[in-house]
Amino acid sequence: VIPDPLAGLKMPAKNGPCTATNLQLVKRNERIGPGRYCGGINIKTNSNVRLDPGEYIIDGGPLNIQAHSNVTGTGVTFLVGWALGRRRPA
């Protein structure tokens, strides 16, 4: 049995304000911070995105990174809806 590598991670609250809703980053340089991203994050083709350290909660949508985009960050953790005890819609 392999131990859960995330067992010691403190989970954030399931509810709270959205940092952004249906965030679309289109062909530009962008820097975003941790928070709850309702509807997901969509990084379009040829975008350069820097992620500040922290937890990025992807709630109710995808994390989509399209071709020729550059996404960088240190100390970044992504949590998707299922990680927060929510079920994906059928």
Just to verify, what does Thr74 make a side-chain contact (heavy atoms from CB on, under 4.5 Å) with, not counting sequence neighbours?
none
Can you tell me how far the [atom1] atom of [X] sits from the [atom2] atom of [Y], to the nearest 0.5 Å?
X: Arg36; Y: Leu79; atom1: CZ; atom2: CG; result: 12.5 Å
X: Thr77; Y: Tyr56; atom1: OG1; atom2: OH; result: 10.0 Å
X: Ile57; Y: Ile41; atom1: CD1; atom2: CD1; result: 11.0 Å
X: Ile65; Y: Ile43; atom1: CD1; atom2: CD1; result: 4.5 Å
X: Thr45; Y: Gln66; atom1: OG1; atom2: CD; result: 4.0 Å
X: Arg28; Y: Asn48; atom1: CZ; atom2: CG; result: 12.0 Å

Out of curiosity, does Tyr37 fall in the hydrophobic cluster containing Leu63 (side-chain heavy atoms, cut-off under 4.5 Å, transitive links)?
yes
With the 4.5 Å side-chain cut-off for hydrophobic clustering, are Val26 and Val49 part of the same group?
no
Note, Arg50 side chain near Asn29 side chain (heavy atom, < 4.5 Å):
no
Measure the shortest side-chain to side-chain distance between Ile32 and Leu23 over non-hydrogen atoms and say whether it is less than 4.5 angstrom.
yes
Minimum heavy-atom separation for Pro53 to Pro34, with atom names?
O-CG, 3.4 Å
Listed partners of Asn46 passing side chain to side chain donor-acceptor pair (under 3.5 Å), at least two apart:
none
By side chain to side chain donor-acceptor pair (under 3.5 Å), which residues pair with Thr21, not counting sequence neighbours?
none
